[in-house]
Amino acid sequence: MNNVYIDIQRSILNSEKLLAVLIDPDKFSIENVTRFFKKVNKSITTHIFIGGSTVEDNVTEVLVSEIKKHTKLPVIIFPGDVSQITDKADALLFLSLISGRNPEYLIGKHIESISRLKNTNLEVLSTGYVLIESGKQTAVERVTKTQPIDRSNIQRITDTAKAGELLGMKLMYLEAGSGALNPIATETIVKVKDEIQIPLIVGGGIKNIKQLENAYNSGADMVVIGTAFEECESFFDDLRK
């Protein structure tokens with residue numbers, strides 16, 4: 001495909017809001033793909049994210065291959081580890097955990113991934129990943145051994161996002177974490193959006209249509225929903241085209 005980023009920019013210029021469904025291969029059975037994507041394809045979903053904090057080797061590739069049979073939406077790897085890289089997808093979020101200070105997730109994993117990426121046609125999207133405290137410890141914290149930024153420290157969050165942009169990131173991702181008790185505060189989204197010029201992704205803790213609309217109205221260009229769909233697929237009924 002190799003035009004995912006251009007399409008995201010075009011959508012933003014046209015004031016179109018984007019919605020990504022995040023599928024964790026550890027929690028999603030391949031037998032559910034057909035049924036699940038009948039609902040996805042009837043919804044306002046624009047992108048599919050695939051990934052998780054801990055996924056066994058080859059599971060991601062098998063799942064992506066099956067998903068591609070059932071949707072024309074771009075499939076983007078949201079990797080928890082280099083083992084999740086697969087050429088079957090359209091693009092890869094090249095995530096740098098800029099809210100943390102673990103060098104493995106700032107640059108180490110990226111170096112490790114290069115030998116795999118050389119053998120793919122994936123569109124690589126440099127993404128600043130900012131983990132924000134959400135009321136509970138998340139899998140991202142445990143796996144990366146990093147601390148999230150306190151959600152009340154909006155200036156720190158904003159400065160971190162701006163630093164990522166100045167480092168050359170193409171996308172900025174504000175993350176509350178899977179199963180977050182609290183979504184990213186609207187005030188935080190507003191301030192970050194005012195500060196940066198690159199597309200803003202917001203995910204974690206969004207469980208209903210009102211929270212989704214709040215994120216959009218505050219400036220999120222793309223919202224990512226995962227756990228809410230895992231727990232209640234009827235959420236799709238509120239998101240029909």
May I ask you to test the Ile198-Leu171 pair for a side-chain heavy-atom distance under 4.5 Å? no
For a quick test of reading the model, state the closest non-hydrogen atom pair linking Met172 to Val130 and the distance between them. SD-CG2, 3.8 Å
For Phe28, give me all partners under ring-ring contact (aromatic ring centres under 6.0 Å, His included), at least two apart in sequence or on another chain. Phe36
Do Phe49 and Met222 make a side-chain contact, defined as non-hydrogen atoms from C-beta onward lying under 4.5 Å apart? yes
Go through the structure and list residues passing side-chain hydrogen bond (donor to acceptor under 3.5 Å, both in side chains) with Thr120, not counting sequence neighbours. none
Is there a path of hydrophobic side-chain contacts, each under 4.5 Å between heavy atoms of I/L/V/M/F/W/Y residues, joining Val224 to Ile184? no
Roughly how far, to the nearest 0.5 Å, is CD1 of Ile98 from CE of Met169? 5.5 Å
Can we say Lys109 and Asp81 salt-bridge, meaning some charged N sits less than 4.0 Å from an Asp/Glu carboxylate O? yes
Only pairs at least two apart or in different chains count here, so list each salt bridge (Lys or Arg N to Asp or Glu O under 4.0 Å) that has a residue in residues 158-173. Lys162-Glu165
Under 4.5 Å side-chain linkage, directly or through intermediates, the cluster mates of Val55: Val59
Salt bridge (Lys or Arg N to Asp or Glu O under 4.0 Å) pairs touching residues 42-57, sequence neighbours excluded, are none
Please say which of Thr160, Ile157, Val140 ends up in a side chain to side chain contact (heavy atoms under 4.5 Å, CB included) with Leu131. Val140
Hits for side-chain hydrogen bond (donor to acceptor under 3.5 Å, both in side chains) against Ser43, two or more places apart or cross-chain, chain-then-number order -> Thr45
For the student: nearest non-hydrogen atoms of Leu181 and Gly135, plus distance: CD1-O, 3.3 Å
Output the rest of the hydrophobic cluster of Ile111: all Ile, Leu, Val, Met, Phe, Trp and Tyr residues reachable through side-chain heavy-atom contacts under 4.5 Å, sorted by chain and number. Ile107
Please indicate whether Asp150 has more than 12 foreign heavy atoms, meaning atoms of other residues, nucleotides or ligands, lying under 6.0 Å from its CG. yes
Exactly one of Asp90, Val4, Ile76, Ile6 should register a side chain to side chain contact (heavy atoms under 4.5 Å, CB included) with Glu123. Which one does? Val4
Would a single hydrophobic cluster contain both Leu106 and Leu125, if residues Ile, Leu, Val, Met, Phe, Trp and Tyr are joined by side-chain heavy-atom contacts under 4.5 Å? no
Rounded to the nearest 0.5 angstrom, the CG-OG distance for Leu22 and Ser178 is 7.5 Å
Could you note down all residue pairs passing side chain to side chain donor-acceptor pair (under 3.5 Å) where residues 129-144 supplies at least one of them, sequence neighbours left out? Tyr129-Glu175, Glu133-Arg151, Thr144-Thr146
Before you tell me yes or no, could you show the steps for Lys69 and Glu66 under salt bridge (Lys or Arg N to Asp or Glu O under 4.0 Å), namely the whole-Å CA-CA distance, both residues' side-chain angles and the distance that decides it to 0.1 Å? CA-CA 5 Å; Lys69 299 175 185 176; Glu66 186 63 25; 3.3 Å; yes
Within the 4.5 Å heavy-atom criterion, are Tyr216 and Leu19 side-chain neighbours or not? yes
A side-chain contact here means heavy atoms from C-beta on lying under 4.5 Å apart; do Leu200 and Ile189 qualify? yes
Scan for side chain to side chain donor-acceptor pair (under 3.5 Å) pairs involving residues 190-208, sequence neighbours excluded, and state none if there are none. Lys193-Asp221
Does a side-chain N-to-carboxylate-O contact under 4.0 Å join Glu233 and Arg35? yes
Can a donor-acceptor pair be found, under 3.5 Å and without considering hydrogens, that links the side chain of Asn41 to the backbone of His70? yes
Tell me whether Val21 is reachable from Ile77 by hopping between hydrophobic residues (I, L, V, M, F, W, Y) whose side-chain heavy atoms are closer than 4.5 Å. yes
Taking C-beta and beyond as the side chain, do Leu239 and Asp237 meet within less than 4.5 Å on heavy atoms? no
Rounded to the nearest 0.5 Å, the CD1 atom of Ile67 sits from the CD1 atom of Ile30 at a distance of 8.0 Å
All side chain to side chain contact (heavy atoms under 4.5 Å, CB included) counterparts of Ser29, not counting sequence neighbours: Glu31, Asn32
In terms of hydrophobic clustering (I, L, V, M, F, W, Y; side-chain heavy atoms under 4.5 Å; direct or indirect links), are Val62 and Leu92 co-clustered? yes
Here the gap from Leu93 atom CG to Ser96 atom OG, rounded to the nearest 0.5 Å, amounts to 12.5 Å
Heavy-atom pair of closest approach, residues Cys232 and Ser234: SG-OG, 2.6 Å
Could you work out, with ring-ring contact (aromatic ring centres under 6.0 Å, His included) as the rule, every residue matching Phe94, not counting sequence neighbours? His110
Nearest-0.5 Å distance that lies between atom OG1 in Thr46 and atom CG in Leu18: 4.5 Å
Report yes if the side chains of Leu212 and Ile225 come closer than 4.5 Å at any heavy-atom pair, otherwise no. yes
What closest approach, in Å, do Ile48 and Phe37 show between heavy atoms, and which atom pair accounts for it? CD1-CE2, 3.7 Å
Could you report the tightest heavy-atom contact between Pro148 and Ile132, atom names first, then the distance? CB-C, 3.7 Å
Going hydrophobic residue to hydrophobic residue with side-chain gaps under 4.5 angstrom, can you get from Val40 over to Val75? yes
Which value, rounded to the nearest 0.5 Å, describes the distance between Ile154 atom CD1 and Thr188 atom OG1? 4.0 Å
Sorted by first residue and then second, give each salt bridge (Lys or Arg N to Asp or Glu O under 4.0 Å) pair with at least one member in residues 8-24; sequence neighbours left out. Asp7-Arg10
For the residue pair Ala139 and Ser53, what are the closest heavy atoms and their distance? CB-OG, 3.5 Å
